[in-house]
**Q** 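Sharing a structure, written as C-alpha cells. Questions coming.
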Protein chains: 2
Amino acid sequence: MLTERQEEIINKSIEIIATQGIQRLTIKNLSKEIGISEPAIYRHFESKTDILLAILQNFQEVSLYMEKAVRDIKGSVIGKIEFIFSKIIEIFSQEPSHISVIFSEEIFKNEVVLKEKIVEIMSSKQQFIENLIVEGQRNSEIRDDIDYKTLALIVVGALRFIVKQWDLKNQHNNLIEEGKELIEGLKLILTT
Amino acid sequence: MLTERQEEIINKSIEIIATQGIQRLTIKNLSKEIGISEPAIYRHFESKTDILLAILQNFQEVSLYMEKAVRDIKGSVIGKIEFIFSKIIEIFSQEPSHISVIFSEEIFKNEVVLKEKIVEIMSSKQQFIENLIVEGQRNSEIRDDIDYKTLALIVVGALRFIVKQWDLKNQHNNLIEEGKELIEGLKLILTT
DNA sequence: TTTAAGTTAGTGAATATTCACTATATTTGC
DNA sequence: GCAAATATAGTGAATATTCACTAACTTAAA
C-alpha cells in the first residue's frame, strides 16, 4: 500500500513526465513541485528507480482492473475488444500524461528492472487480446484464416500507433473520433 | 555532404544508441570510442543536437531512397507493399542499431527541431503507404470498404509493433520469419 | 603561411544521493 | 496520567560524478 505522500510523488512524477518529458523528471524538479526538499523524497522512496517502478506498477494495476472488467462483460468477443479499445483511448484522451509514460520504454531500457516490468506489462496486454481472439475464432465470430497471434499483433499495433501519433502531433486532432473510425475498420477486418 | 570524420561520428553515435541506449550517447563516450578527444568532436559538429539531427537526416535519406526503389517496381500494389515491408524488416534485422534510433522519439521530444524532424519522417512514410493503398483501391486490388487512412495506419502500426517487440525482447526470436507471417496476414486483410 | 584537426586543461551547471540534524507526533513503561 | 523513548517527515549543506561545451595551445599538410 502506498502512503498519501507516495501517491503524491508518483502522481507528480507522471505529470512531469507528461508535461516536461521524462528527462526533466529529476529529484530536484520533483521535490520543488511538491513543495518539499530533495532529501525528503528519499523518506518515501529508496531511489529514483523505485519511483519509476511504482509508476509502472500503478499502470499495471489499472490495466489488470480493466481486463477484469472486460471479462465480466456478457456478449460477443468483438464487443469486448471494442470495449477495451475504446476504454484505452478514453483513458489516454482524458489523461494524456499516461501516454508519455507508456511510451518511455526506450528510456527505461537502461535500468534492467524497469525494462523487465515494461515487457511484462506489454506481454500480458497482448496475451489478453490473443485470448479474446482465440475465443472469437472458436465461436466463428472472428476469421480463422489468419493466425490469432498475427491478428492480435495488428490490433495492438494499430492502437499503439494511433495513440503515439496523436501524442507526437501535440494532440491536435480528435483521438476519440479517430479511434472510433479505427475500431470500425478493425471490426470489419476481424470478421470478414 | 559529410566528411569522413562526420560519417564516422554519426555511425559511432548510432552504434552507441543501439548498444548502450541514447542516454549513454555523450560526447565523452563518443570521442573515446572514436579515439579522439572531446573537443575534437566540436571541430566536426557544432553541437550534440547537430549530431542527432544528422542521424535523423541520414535515416530520411535511406527512407527516401527506398521509396524511390519501390516506385520503380513494376507490378501490383500489394507486391510493392510486400517489398517495402520486407525491406524494412531486413534492414532492421541486419542493423538492429537503427531500431533504437527510430524509437527514440520520446527523447527527441525535448528538442523542438529534433521532434519536428521525427514527425516529418514518420508522416512521409505513412503518406507513402497511404498513396499505395489508394492506388490499390482504385484498381480493385485492395478492399475499399475501409478508409485508406485506416488501412495505412494498420499496416504501419503492425510493422512498428513487431519491430519494437523484437527489440524489447532482446532480439530473441526470428524477426524475418515473424515478419513474413505478418505480411501474409496483412495481404489477406487488405484483399479480402 | 595559413588553416584544418587535433591536444590538454579547464568551465559552470546538473545529476542522484548522503550527511548530520530537528521539529513534531506517537508509543511505551511506570 | 505523564515522562521517556522512539518513529516520522522534514531541513540545509555537501558529496562525487557526469554533462555539454570552451579557451588556448600544437601539429601537420597544402
Side-chain angles (χ1 to χ4, degrees), chain A residues 1-17 19-56 100-101 104 106-115 117, chain B residues 1-57 100-101 104 106-115 117:
Chain A
M1 268 285 73
L2 295 174
T3 66
E4 243 177 74
R5 193 57 112 187
Q6 281 175 322
E7 296 243 14
E8 191 181 2
I9 289 173
I10 75 165
N11 285 335
K12 260 297 187 256
S13 295
I14 291 173
E15 197 185 307
I16 290 173
I17 291 173
T19 55
Q20 311 173 47
I22 196 148
Q23 312 255 54
R24 293 244 186 335
L25 176 64
T26 62
I27 302 297
K28 188 176 182 172
N29 215 338
L30 180 57
S31 59
K32 197 173 66 189
E33 295 232 2
I34 290 179
I36 56 176
S37 67
E38 296 173 55
I41 299 287
Y42 289 90
R43 293 286 172 205
H44 306 278
F45 285 100
E46 275 197 5
S47 65
K48 192 184 166 182
T49 298
D50 269 17
I51 296 175
L52 291 167
L53 206 55
I55 292 175
L56 292 181
S100 309
V101 180
S104 293
E106 203 62 29
I107 300 136
F108 292 149
K109 265 177 84 177
N110 284 8
E111 212 85 30
V112 179
V113 59
L114 295 177
K115 178 180 168 174
K117 194 82 202 167
Chain B
M1 268 281 76
L2 295 175
T3 66
E4 243 177 75
R5 192 57 110 189
Q6 281 175 322
E7 295 244 12
E8 190 181 5
I9 289 173
I10 76 166
N11 285 335
K12 260 302 186 247
S13 295
I14 292 173
E15 198 184 307
I16 290 173
I17 290 172
T19 54
Q20 311 172 47
I22 196 147
Q23 311 256 55
R24 292 244 185 338
L25 176 64
T26 63
I27 302 297
K28 187 177 183 172
N29 216 337
L30 180 58
S31 59
K32 198 174 66 190
E33 295 231 4
I34 290 179
I36 57 176
S37 67
E38 295 175 52
I41 300 286
Y42 289 90
R43 295 285 174 205
H44 306 278
F45 285 100
E46 275 196 7
S47 67
K48 192 182 167 183
T49 298
D50 269 16
I51 296 175
L52 291 168
L53 206 56
I55 291 174
L56 292 181
Q57 213 102 34
S100 307
V101 180
S104 291
E106 202 63 29
I107 300 138
F108 293 147
K109 265 178 83 177
N110 283 11
E111 212 86 30
V112 179
V113 60
L114 295 177
K115 178 179 168 174
K117 194 83 201 166

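Quick note on labels: first sequence line is chain A, next is B, and so on, each numbered from 1. We use all heavy atoms of the structure for the numbers below, so side chains are in, but hydrogens, waters and symmetry mates are not.
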**Q** For the NZ atom of A:K48 and the CD1 atom of A:I41, what is their distance to the nearest 0.5 Å?
**A** 11.5 Å
**Q** Rounding to a whole Å, what distance do you find between B:K32:NZ and C:dT7:C1'?
**A** 18 Å
**Q** CD1/B:I9 to CG/B:D50 distance, rounded to the nearest 0.5 angstrom?
**A** 11.0 Å
**Q** Between A:N29 (side chain only) and A:R24 (backbone N and O only), is there a donor and an acceptor less than 3.5 Å apart?
**A** yes
**Q** According to salt bridge (Lys or Arg N to Asp or Glu O under 4.0 Å), who are the partners of A:E38, at least two apart in sequence or on a separate chain?
**A** none
**Q** According to a strict under-4.0 Å criterion, is A:S37 in side-chain N/O contact with OP1 or OP2 of D:dG10?
**A** no
**Q** Quick one: is A:H44 getting a side-chain N or O under 4.0 Å of the D:dT8 phosphate, OP1 or OP2?
**A** no
**Q** With sequence neighbours excluded, what pairs up with A:R5 under the salt bridge (Lys or Arg N to Asp or Glu O under 4.0 Å) test?
**A** A:E8
**Q** Would you tabulate the pairs of protein nitrogen or oxygen atoms and nucleotide nitrogen or oxygen atoms of nucleotides 16-21 of chain C closer than 3.5 angstrom?
**A**
from: C:dA16; atom 1: OP1; to: A:K48; atom 2: NZ; distance (Å): 2.9
from: C:dA16; atom 1: OP2; to: A:I27; atom 2: N; distance (Å): 3.1
from: C:dT17; atom 1: OP2; to: A:Y42; atom 2: OH; distance (Å): 2.7
from: C:dT17; atom 1: OP2; to: A:K48; atom 2: N; distance (Å): 3.0
from: C:dT17; atom 1: O5'; to: A:Y42; atom 2: OH; distance (Å): 3.3

**Q** If you take any heavy atom closer than 4.0 Å to DNA chain D, which residues from residues 2-14 of chain A end up in contact?
**A** A:R5
**Q** So, using salt bridge (Lys or Arg N to Asp or Glu O under 4.0 Å) as the criterion, who are the partners of B:K117 when residues are at least two apart?
**A** B:E120
**Q** Identify, with sequence neighbours excluded, every residue that meets side-chain contact (heavy atoms from CB on, under 4.5 Å) alongside B:T19.
**A** none
**Q** Going through the distances and angles, do B:E4 and B:H44 end up as a side chain to side chain contact (heavy atoms under 4.5 Å, CB included)?
**A** CA-CA 10 Å; B:E4 243 177 75; B:H44 306 278; over 6 Å; no
